[in-house]
Amino acid sequence: MTSTGRFTLPSEENFAEKTKELAELWGADAIRNSDGTHLDESVLALGKKIYSAYFPTRAHNEWITLHMDETPQVYLLTGRVLAEADIVDVPLMDGFFEEQLKPNRDADPHKYWEVVDRTTNEVVDASLWTLDEDTDTVHVSGATPMHEYTVSFLAYIIWDPVEMYNHLTNGWGDKEHEIPFDIYHPATRKFVFDTFEQWLKDNPQVDVVRFTTFFYQFTLLFDQKQREKVVDWFGCACTVSPAALDDFEKEYGYRLRPEDFVNEGSYNSAWRVPRKAQRDWIDFLSGFVRANVKKLADMSHEAGKEAMMFLGDQWIGTEPYKDGFEDLGLDAVVGSIGDGTTTRMIADIPGVKYTEGRFLPYFFPDTFYEGNDPSIEGLDNWRKARRAILRSPISRMGYGGYLSLAAKFPKFVDTVTHIADEFRDIHDRTGGVAAEGELNVAILNSWGKMRSWMAFTVAHALPNKQTYSYYGILESLSGMRVNVRFISFDDVLEHGVADDIDVIINGGPVDTAFTGGDVWKNPKLTETLRAWVRGGGAFVGVGEPSSLARFQAGRFFQLADVLGVDEERYQTLSVDKYFPAVTPEHFITADVHVDPAAREAWEKAGYRIPLSGCGGGQGIKPLGGIDFGEPIANTFPVNEDVTLLRADGGQVQLAVNEYGKGRGVYISGLPYSAANARLLERALFWASHNEDKYTAYSSTNPECEVAVFPDAGQYCVINNTDRPQSTDVALPDGSVEHFDLDQSAIAWRNL
């Protein structure tokens with residue numbers, strides 16, 4: 001029998017009867033409209049809680065077309081142009097989508113733009129260049145032949161990026177483009193608040209204002225072929241205006257350059273080590289955004305409505321993990337569920353009454369088309385989210401898009417019925433309380449708490465070749481029986497390591513925000529962490545942890561002594577590296593399956609004897625069994641006391657090291673998989689000297705996980721695959737319970 005509640009259903013015009021049917025089938029207690037749709041009166045009359053999507057800064061072209069100098073703006077960086085003489089022309093819009101972006105010729109270009117000689121990185125004097133407004137070309141004189149030149153220029157955003165994406169994806173044809181507007185301008189700000197005040201009066205039937213979202217879009221720029229050109233889910237590039245830049249200078253005492261936004265073409269990617277100017281702009285921006293968000297929330301409450309924020313679209317500046325978010329007065333946050341990591345990104349947000357997940361697939365024609373089976377993605381998305389929900393519950397679930405599309409797929413309809421019932425059952429059994437965590441694990445990077453569950457990300461839940469070997473850390477942790485927090489290098493430098501932290505993880509490529517960059521030049525950081533580990537702490541490094549781009553004191557990994565591993569940077573090739581024998585059996589690798597034939601070949605290849613030489617570690621056959629992702633070349637043990645667990649191809653993939661009373665673990669990469677999540681879990685328990693805690697409520701099958709709820713007196717076992725699985729669960733009294741689980745199943749037992 002279908003249960004009810006905790007479910008938000010999207011609907012649209014002329015679909016009332018089917019909406020009623022699916023609301024009953026899925027147990028929906030709330031209904032919302034999607035982008036570009038409205039709810040019929042008969043839907044409003046169903047007696048459900050009504051959400052209404054609200055866009056504070058778009059969908060009012062009647063206003064903004066009269067104030068086109070008050071759209072949001074972005075600093076764009078042109079392509080590099082080679083000077084072949086002392087004069088060079090730089091076209092502004094080559095590579096940009098002219099239906100989205102338009103150069104700002106209203107504000108003085110010589111005050112707000114910048115021409116840079118990229119060969120010397122010197123700014124070209126403003127007297128040496130001019131703008132041809134007819135061709136949108138900058139003419140540079142006095143150029144140095146064979147040097148490359150760029151222009152960083154302000155551009156208006158004249159088509160809302162999300163509405164543009166929806167428009168192009170759904171083929172909306174000649175539908176009018178929605179133009180965004182920037183509330184930094186007083187006239188537009190007054191319009192926004194006056195319009196919302198009137199909207200509240202005109203929509204008494206609405207219970208929840210679902211702000212989608214507020215004022216500034218994350219960086220989402222397209223090229224002339226309508227493809228994504230720059231996408232950064234945390235990017236603040238689309239938040240600029242001459243007025244804001246001038247006010248920033250007054251408040252902070254220095255002027256920001258265009259380069260502070262384009263940042264050599266990176267557009268201040270969250271992967272880059274954050275600089276003072278970038279941090280100051282985030283503080284400045286979030287102060288402005290939050291003050292105005294609070295006004296909207298207060299207005300909603302005065303009208304008797306809840307205020308809900310969508311974590312997406314124009315979410316920039318809200319900073320839900322930055323101190324003070326709870327003061328905004330928002331009732332709820334809803335976000336798109338892409339996997340376990342994005343589930344935790346929503347569920348862990350403090351300072352709101354409840355959180356809601358919008359599950360995938362989105363009801364769009366790119367998924368709901370003849371011949372496709374959307375239920376496959378629906379169950380896959382649910383399995384990824386479920387393991388995280390058990391560790392940090394969201395209060396509600398729902399879907400987005402066009403219900404008329406989903407209704408055409410009966411198998412998908414049945415799948416959602418099952419998912420919704422199971423979601424509610426988890427809440428009913430646990431009371432919305434998180435499963436018990438055995439260890440306290442801290443992720444250490446430059447951003448710390450402010451980017452909780454946001455590390456190693458470019459676009460929302462979309463891994464790529466350079467990120468997946470690190471993103472797997474978060475995805476593994478999202479459903480693991482540990483408590484996770486995010487700390488910054490500044491936290492460690494100012495306060496040391498908190499007494500209750502069991503393990504610190506630092507991982508990522510060199511010279512990024514996630515490994516730290518030049519922060520490792522500060523000896524206090526290495527002193528603090530070494531002392532903590534030697535006193536009994538645990539440090540896990542992934543990829544190029546604690547690394548410095550420039551060789552320092554003969555080390556690349558500044559905590560190589562803790563990890564027992566360093567990376568050859570072609571500076572010490574004349575110094576032999578001696579690899580100790582690889583240890584095939586260890587607590588960490590106990591659940592790693594190795595094919596017997598591979599094991600036999602490995603032993604015959606000589607891995608049981610030490611390997612030596614400048615390269616060291618070369619082997620004929622790998623032991624295998626673990627996916628380390630993209631390789632980290634030329635890693636080596638710093639001495640022969642290090643325990644190597646995998647060392648194939650002349651480098652170390654997995655090693656452990658005793659360090660005083662503490663322990664270090666090195667892993668070259670950790671893409672997400674059930675096996676790798678199990679490997680990391682065992683590494684955390686081993687590194688923190690908690691092996692004795694591991695067995696109770698552990699699953700013999702890595703594809704199945706166990707969550708324990710002491711207050712509810714229950715535990716559950718979940719099958720994270722689309723295939724039947726069997727597993728044994730060890731209980732604290734030493735007994736074992738066997739489970740045979742159908743695909744995607746969950747089984748409950750009393751403690």
Inset, instruction - Name the orientation class of the two ring planes belonging to Trp172 and His167 (parallel below 30°, tilted from 30 to 60°, perpendicular beyond 60°). - result: perpendicular

For residues 121-131, dump all side-chain donor-acceptor pairs below 3.5 Å to protein atoms at least two apart in sequence or in another chain.
residue : atom : partner : partner atom : Å
Asp125  : OD1  : Ser127  : N            : 2.9
Asp125  : OD1  : Ser127  : OG           : 2.5

Legend entry - Residues, nucleotides or ligands: over 12 heavy atoms within 6.0 Å of Phe364 CZ: yes

Inset, instruction - Flag yes if more than 12 heavy atoms outside Tyr254 fall under 6.0 Å of its OH atom; otherwise flag no. - result: yes

Can you check whether [Y]'s main-chain N or O pairs, donor with acceptor, with [X]'s side chain at less than 3.5 Å?
{"X": "Thr342", "Y": "Ile337", "answer": "no"}
{"X": "Trp271", "Y": "Thr457", "answer": "yes"}
{"X": "Glu84", "Y": "Leu82", "answer": "no"}
{"X": "Arg272", "Y": "Asn263", "answer": "yes"}
{"X": "Thr515", "Y": "Pro509", "answer": "yes"}
{"X": "Ser141", "Y": "Asp86", "answer": "no"}
{"X": "Thr212", "Y": "Ala53", "answer": "no"}
{"X": "Asn506", "Y": "Ser546", "answer": "yes"}
{"X": "Glu568", "Y": "Gln571", "answer": "yes"}
{"X": "Thr239", "Y": "Tyr216", "answer": "no"}

Inset, instruction - Take Asp518 and Arg550 through the salt bridge (charged side-chain N to carboxylate O under 4.0 Å, His left out) test and state the conclusion after the steps. - result: CA-CA 9 Å; Asp518 285 350; Arg550 289 183 60 84; over 6 Å; no

Do [X] and [Y] have side chains that get closer than 4.5 Å, going by heavy atoms?
{"X": "Pro242", "Y": "Asp108", "result": "no"}
{"X": "Val74", "Y": "Phe96", "result": "no"}
{"X": "Ile349", "Y": "Leu311", "result": "yes"}
{"X": "Leu330", "Y": "Thr318", "result": "no"}
{"X": "Asp327", "Y": "Lys294", "result": "no"}
{"X": "Val192", "Y": "Phe181", "result": "yes"}

Nearest heavy-atom pair of [X] and [Y]: which atoms, and what distance?
{"X": "Lys449", "Y": "Tyr321", "answer": "O-CB, 3.1 Å"}
{"X": "His60", "Y": "Glu62", "answer": "ND1-OE2, 2.8 Å"}
{"X": "His460", "Y": "Gly338", "answer": "CE1-N, 4.2 Å"}
{"X": "Glu630", "Y": "Ser469", "answer": "N-OG, 2.9 Å"}
{"X": "Ser446", "Y": "Val273", "answer": "OG-CG1, 4.4 Å"}
{"X": "Pro545", "Y": "Val542", "answer": "CD-O, 3.6 Å"}

Inset, instruction - With side chain to side chain contact (heavy atoms under 4.5 Å, CB included) as the test, would you mind laying out the steps for Leu525 and Phe489 before giving the verdict? - result: CA-CA 8 Å; Leu525 181 60; Phe489 298 107; 3.8 Å; yes

Inset, instruction - Inspect the contact between Glu319 and Arg279 and indicate whether a charged nitrogen and a carboxylate oxygen are less than 4.0 angstrom apart. - result: no

Inset, instruction - In plain terms, say whether Glu114 and Arg257 are close enough for a salt bridge, that is, a side-chain N and a carboxylate O under 4.0 Å apart. - result: yes

Inset, instruction - Any chance you could lay out the side chain to side chain donor-acceptor pair (under 3.5 Å) test for Asn634 and Arg569, step after step, and finish with the verdict? - result: CA-CA 8 Å; Asn634 305 324; Arg569 301 293 286 184; over 6 Å; no

Inset, instruction - Pick out which of Phe514, Tyr471, Tyr672 makes a ring-ring contact (aromatic ring centres under 6.0 Å, His included) with Phe456. - result: Phe514

Legend entry - Partner of Phe211 under ring-ring contact (aromatic ring centres under 6.0 Å, His included), chosen from Trp315, Phe196, Phe310: Phe196

Inset, instruction - Could you give me the CA-CA distance, side-chain angles and deciding distance for Phe234 and Trp447, then say whether side chain to side chain contact (heavy atoms under 4.5 Å, CB included) is met? - result: CA-CA 12 Å; Phe234 313 99; Trp447 294 107; over 6 Å; no

Legend entry - Non-neighbouring partners of Ala244 that pass side chain to side chain contact (heavy atoms under 4.5 Å, CB included), sequence neighbours left out: Tyr184, Ser241, Trp281, Phe284

Legend entry - Contacts of Gln224 that satisfy side chain to side chain contact (heavy atoms under 4.5 Å, CB included) - sequence neighbours left out: none

Legend entry - Between Ser488 and Asp491, a side-chain donor and acceptor under 3.5 Å: yes

Legend entry - Any donor-acceptor N or O pair under 3.5 Å, side chains Thr341, Glu475: yes

Legend entry - Ser266/Asp232 under side chain to side chain contact (heavy atoms under 4.5 Å, CB included): CA gap, chis, key distance, verdict: CA-CA 10 Å; Ser266 73; Asp232 180 1; over 6 Å; no

Inset, instruction - Let me see the working for Asn268 and Cys236 under side chain to side chain contact (heavy atoms under 4.5 Å, CB included), right down to the final yes or no. - result: CA-CA 8 Å; Asn268 283 334; Cys236 297; over 6 Å; no

Legend entry - Value rounded to 0.5 Å, distance of NE2 in His185 from OG1 in Thr71: 7.5 Å

Inset, instruction - Could you check Asp260 against Tyr75 for side chain to side chain donor-acceptor pair (under 3.5 Å), going step by step and ending with a plain yes or no? - result: CA-CA 9 Å; Asp260 291 322; Tyr75 268 117; over 6 Å; no

Legend entry - Ring centers of Phe222, Phe97 separated by less than 6.0 Å: no

Legend entry - Aromatic contact, His67 with Phe191 (centres under 6.0 Å): no

Legend entry - Derivation and outcome, salt bridge (charged side-chain N to carboxylate O under 4.0 Å, His left out), residues Asp283 and Lys322: CA-CA 10 Å; Asp283 287 344; Lys322 197 170 184 285; 3.1 Å; yes

Legend entry - Test side chain to side chain donor-acceptor pair (under 3.5 Å) applied to Asp246 and Tyr112, step by step: CA-CA 10 Å; Asp246 294 344; Tyr112 295 102; 2.9 Å; yes

Legend entry - Evaluation steps, side chain to side chain donor-acceptor pair (under 3.5 Å), between Thr188 and Glu70: CA-CA 7 Å; Thr188 291; Glu70 299 193 1; 2.4 Å; yes

